[in-house]
Structure formats: C-alpha cells, structure tokens
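Just below is one structure, and these are the notes that go with it.
The sequence lines fix the lettering, A, B, ..., with proteins before strands; numbering per chain opens at 1. Only a predicted model underlies this, so the values are computations on that prediction, with no experimental measurement involved.
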Amino acid sequence: MLTSNNKDNLNFNIDRFYKNYLKGPNIFRKRDALDPSYVPDELPHRDKEIRKVAEFTACALKGDTPPNFLCYGPTGTGKTATIRYVSQKLAQQTLTPQPWWIYINCSVVSTPYRILAHIYNTITGKEKIPPTGLPKDIIFKKLLGLMDQMIGNGICFLVLDEIDMIAEKKGGNEILYDLTRLNENLDLCKTCLIGISNKLKFQDSLDPRVVSSLGKEHIVFSIYNAGQLIDILENRALIAFSEGVLGKGVISLCAAYAAQEHGDARKALQLLKKAGNLAERSQNKEVTEHFVNRAVNELEKDHITEYIKGMPIQAQIILAAIYLLSKWNPNSVIITGFVNDVYAELVTKIPGIKRLTKRRISDYINDLVLAGIITADTKSMGHYGRTKIIKLDVDLELIKKTLSKIPKVREVLNNKPSILQSDRLVYKNNIFKKLI
DNA sequence: TATCCACAGGAAATCAGGGTGT
DNA sequence: ACACCCTGATTTCCTGTGGATA
C-alpha cells in the first residue's frame, strides 16, 4: 500500500524531470564521440602505425593476400582505433568485392569453439551455429565452405582483439594455428589475421608454428605523452561538446591524469566524458576542472563497484570475509587461513551456497588482487608456514555499500563472525604481528 | 643445519549444464 | 534414447618453498 510516508517516490515527477533536463544546458553535441568505439576522421600521433598497417594491407587492393600481423601496446594506445581507421580508409578505395572485417574480442568470445561460431554467424548475419554442441572440426569445415561461398574471391580480415586471452587458454594455440592456415584450406577466399595484444611478452605462450605465421610482422604502439593526449582530447572535444562549454584547463587536466596512468587515451576520454556528464547532471553550463577532479574519484568507484557486482557469488562471499576481518580486527594481520575460516563460517549462514575448497579460494583471492581490490603479498613466517598477507586496497565503506546491495551477502555483513574470537586466531595473530 | 609449517599454485580429472545428429 | 561434443567451474592430487625454530 502506498502511503504518505513514501514521500520520496511520490514527489519525484518524472515528466518535470525530463522537461528540466531538456531545458538545461546543452553540454554535449555528440556524446558518442568520446566512446572508445568511435572512429574519428583523424587519429593524431599514430602516423607511423597507420602507415605500417596501410603498408601491410595495401596488397589487398591488387587482389593479393596481406600478411598476418600483430599489434602490441598498452591499453589505450590506439591499436584497435588504428585498425578500424585503416579499414574504413581501405573501404573507400575502389575494391571489388569489398573486404570483410570481422572483429573478435577474445576476452568476450573466449573459447576456440566460440571464435569459429562467431566468425560463421557474423558472415551469415544470423545465429546459425548454436553456442555449444557441435564438434569443432565440423564447424571448421562448414566455415571454409561458407567463406568460399559468401566471400568468393574477396578478402576477409580477422581481427583478434586481446589475442593473448585465447593464446593462454587450453586449445587456444590450436585454433590460432588453424586460423593462420585458413588460406591453405580455402579455394577462393583469402584471409588475413590481425592479432591485437597489450601484453608484450605474450608470444612466449604461443606455439612456434603460430609465431612463424602470425608474429613475423608486428607493430609496436607506444604510449602517448601528456602533450599528445591533449591533441587527441581537443580533437574529440571539438566533435563531442557544444561550443564554449569546456572550461580552461579541463583538457590538460584530463591529459595529465591519463598520462599518469601510462598514457592511456581511453582513460583520458572516459574522464572527459564523465566530467561532462557530471556538469550536465548538476545543471552547470560549463565543464570545469572541479568536475574533472570529481570524475576521477567517481570513475575509480564505478569501476570497483561494477567489478564487485559482477563477481560470482562465491568471490563476493570471500570478499565479505576479508571485509569482516578488516572491520572487526583493524589492527590485525589478515592471512589466507583466516579468510578460509571466516569464509567457511559465512557459507554455513547463506542458504543454497556450497562451500568451496581452499584451492579455489586461493584463485579467487588472486582475482581480487588482479582487480586491485586487495593486495596479497606472499610471505614466509618461518616455522609458521608460508602464506599471503592480505590487505584491503579499497575504502571499507565502499566495500560495505557495494556488498550490501547483494541480497545473499547482505545478511552476513553485520554480524561479527564467531571465529574471530577463537583462540587459534588470536594466538596466531599475535605471533604474526611480531613477525611482520 | 635439518626440519617442518601452512600454505602457493600447476596439471589433470570431474561435474553439471548447455547442445548436436541419428 | 543414445552417444557424443563444448564450456566453465570446481575438485583432486600434487610438488614446491622461505625462513623461524629446535
């Protein structure tokens, strides 16, 4: 029943909100221009790289098969953007038939089977291959037939983004090897494989046969410095923002922040967009440095919250265990064993959740480290064994706020686990404190 | 100086859940 | 109904290890 104590809900007038929103300042002209997927007409400071990609792919114009090649470089250095840019330019040349470009993000399409299925489904434009069920070699044969039929004597560029993700997986080398050898099995159509990776050393995990075919040619993308980032941002800001809304120093501040983060252009663009959004939301006519500073904070928080929300329930419970340990024993040391103990207690309180083995928990702890939520340094305590010293790297309140939004975890968040008072834990804690 | 703790983390096996074609 | 395929999560089994302690 709705009563007057539900004022907040009743007082929000959505129609008035929309009206005000539309009446408010027009910060953006084309917000999308700040998205990572947007391909601008110009890519500043990537001339060398564009030229190399153009050189590799140019022979397609004469009907030859371009060599397979790799693009290396940290995140936000314009690898994908460069490929997309060149692909657009190439399409503007007189090419008949037009080449196919199939983009595969290996962190999303993450198994050999799905890569084949994705290529197949992209070419047909329909979900012809089910997400699972068929033997790989059958799909491979079907794909060969389809490519010859649909692409004819044209060229198909296969762009494997984050190729390291697949290379490190079981069966990953086989699929890459098969893909590099597509041309030998095709009668009409030609293919060119382009691998994109932000790990410079990922070739180590590749099969030598794949390296010899894919890694012979490569392009290294270097990070942008602050000056270059400013150029990129100005370029995009011109398209994205309405005239005169950007305050003085906003772009250079974004660039400076991103330059600290290893010259990541994607970060810089994200920051600028978020600052714009914040200004818009507070009905401000101008995007000022103040909003950039707020954007830095919020982006960090957004990233953490989104990550935690997306984690499997088991990982969330493990994080809850670490949270409870830091909350109730702020001065004590947190080690793997304690996390295991508290986790075990929490699991018994949450219905429908099976208790995981220590081995699995160990992996989840490593995932949390990778996500930047905790730090865990392996340390030897001599006679007391080797373990990890775990510390929360994120504000306690933020963790609490995020975990409380997860129904099953919320229940266990407020009670102090009884294991925290156990003699064993207190005793060990005292020893470890001295050892560290 | 050998011992031994409490784990770390690699490799392979297993399981459940989604499918296939015949 | 059946044999078989693929995936992702997890378990099982295992070997390795740094340094305080006896």
Next item on the list: Considering only NZ, NE, NH1 and NH2 on the basic side and carboxylate oxygens on the acidic side, decide whether A:R46 and A:E49 come within less than 4.0 Å.
Entry: yes
Margin query: What contact category does A:K136 fall into here, base, sugar-phosphate, or nothing, at under 4.0 angstrom with non-hydrogen atoms?
Written below: sugar-phosphate
Checklist line | For atom CZ of A:R386 and atom P of C:dA20, their distance in whole Å | finding: 13 Å
Margin query: It should be established whether A:T378 places a side-chain nitrogen or oxygen under 4.0 Å from OP1 or OP2 of nucleotide B:dA6.
Written below: no
Notebook entry, point to check: Which heavy atom in A:G276 sits nearest to a heavy atom in A:I27, and how many Å separate them?
Noted result: O-CG2, 4.1 Å
Next item on the list: Under 4.0 Å from any atom of DNA chain C, heavy atoms only: list the residues of residues 318-345 of chain A that qualify, in numerical order.
Entry: none
Check: Between A:K388 and B:dG9, does any side-chain N or O lie under 4.0 Å from OP1 or OP2?
Finding: yes
Check: Mind checking whether A:L182 and A:L144 have side chains closer than 4.5 Å, heavy atoms only?
Finding: yes
Margin query: Tell me which residues in residues 348-369 of chain A lie within less than 4.0 Å of DNA chain B, going by non-hydrogen atoms.
Written below: A:R359, A:S362, A:N366
Check: Centre of A:Y103's six-membered ring, under 6.0 Å away, within 45 degrees of the axis: is that where NZ or CZ of A:R84 sits?
Finding: yes
Next item on the list: Indicate whether OP1 or OP2 belonging to C:dT7 is found under 4.0 Å from a side-chain N or O atom of A:T111.
Entry: yes
Next item on the list: Would you check if there is a donor-acceptor pair between the side chains of A:E280 and A:Y21 at a distance under 3.5 Å?
Entry: yes
Margin query: How many whole angstroms separate atom CG of A:D377 from atom P of C:dG18?
Written below: 15 Å
Notebook entry, point to check: Is the backbone N or O of A:N297 less than 3.5 Å from a side-chain atom of A:E300, with the two atoms forming a donor-acceptor pair by type?
Noted result: no
Note to self: Taking the basic N atoms (NZ, or NE/NH1/NH2) and the acidic carboxylate oxygens, is any pair closer than 4.0 Å for A:D178 and A:K136?
What the structure shows: no
Item checked: Interatomic distance, A:I138 CD1 vs C:dC6 C1' [rounded to whole Å] -> 14 Å
Check: Going from CG on A:L392 to CD1 on A:I399, what distance comes out if it is rounded to the nearest 0.5 angstrom?
Finding: 5.0 Å
Notebook entry, point to check: Between B:dC5, B:dA8, C:dT7, which one does the side chain of A:H383 approach most closely?
Noted result: B:dC5
Just the atom pairs and distances: protein N or O near nucleotides 19-22 of chain B's N or O, under 3.5 Å.
from, atom 1, to, atom 2, distance (Å)
B:dG19, N2, A:G133, O, 3.4

Notebook entry, point to check: Separation of A:Q314 atom CD from C:dT10 atom P, in whole Å?
Noted result: 6 Å
Notebook entry, point to check: Rounded to whole angstrom units, what separation is found between the OH atom of A:Y384 and the P atom of B:dC7?
Noted result: 14 Å
Next item on the list: Using only heavy-atom distances, determine whether the side chains of A:N105 and A:S107 contain a donor-acceptor pair under 3.5 Å.
Entry: yes
Donor-acceptor pairs under 3.5 Å, side chain of residues 359-370 of chain A to any protein atom, not counting sequence neighbours: which ones?
from, atom 1, to, atom 2, distance (Å)
A:R359, NH1, A:D363, OD1, 3.0
A:R359, NH1, A:D363, OD2, 3.4
A:R360, NH2, A:Y364, OH, 3.4
A:N366, OD1, A:K388, NZ, 2.4

Notebook entry, point to check: Nearest-Å distance, CZ (A:R424) to P (B:dC5)?
Noted result: 14 Å
Next item on the list: Can you sort out the partners of A:T375 under side-chain contact (heavy atoms from CB on, under 4.5 Å), two or more places apart, ordered by chain and number?
Entry: A:K391, A:D393
Checklist line | Axis deviation across the helix from B:dT1-C:dA22 to B:dT22-C:dA1, five-pair ends, to the nearest 10° | finding: 30°
Check: Are the side chains of A:D207 and A:Y177 in touch, meaning some heavy atoms are under 4.5 Å apart?
Finding: no
Next item on the list: For A:I313 and C:dT10, give me the distance from atom CD1 to atom P, rounded to whole Å.
Entry: 12 Å
Notebook entry, point to check: With a 6.0 Å cut-off on ring centres, are A:F12 and A:F17 close enough?
Noted result: yes
Check: A:F69 vs A:F56 aromatic rings, parallel, tilted or perpendicular, using cut-offs 30° and 60°?
Finding: tilted
Next item on the list: Let me know the distance between NZ of A:K169 and P of C:dA9, rounded to the nearest Å.
Entry: 8 Å
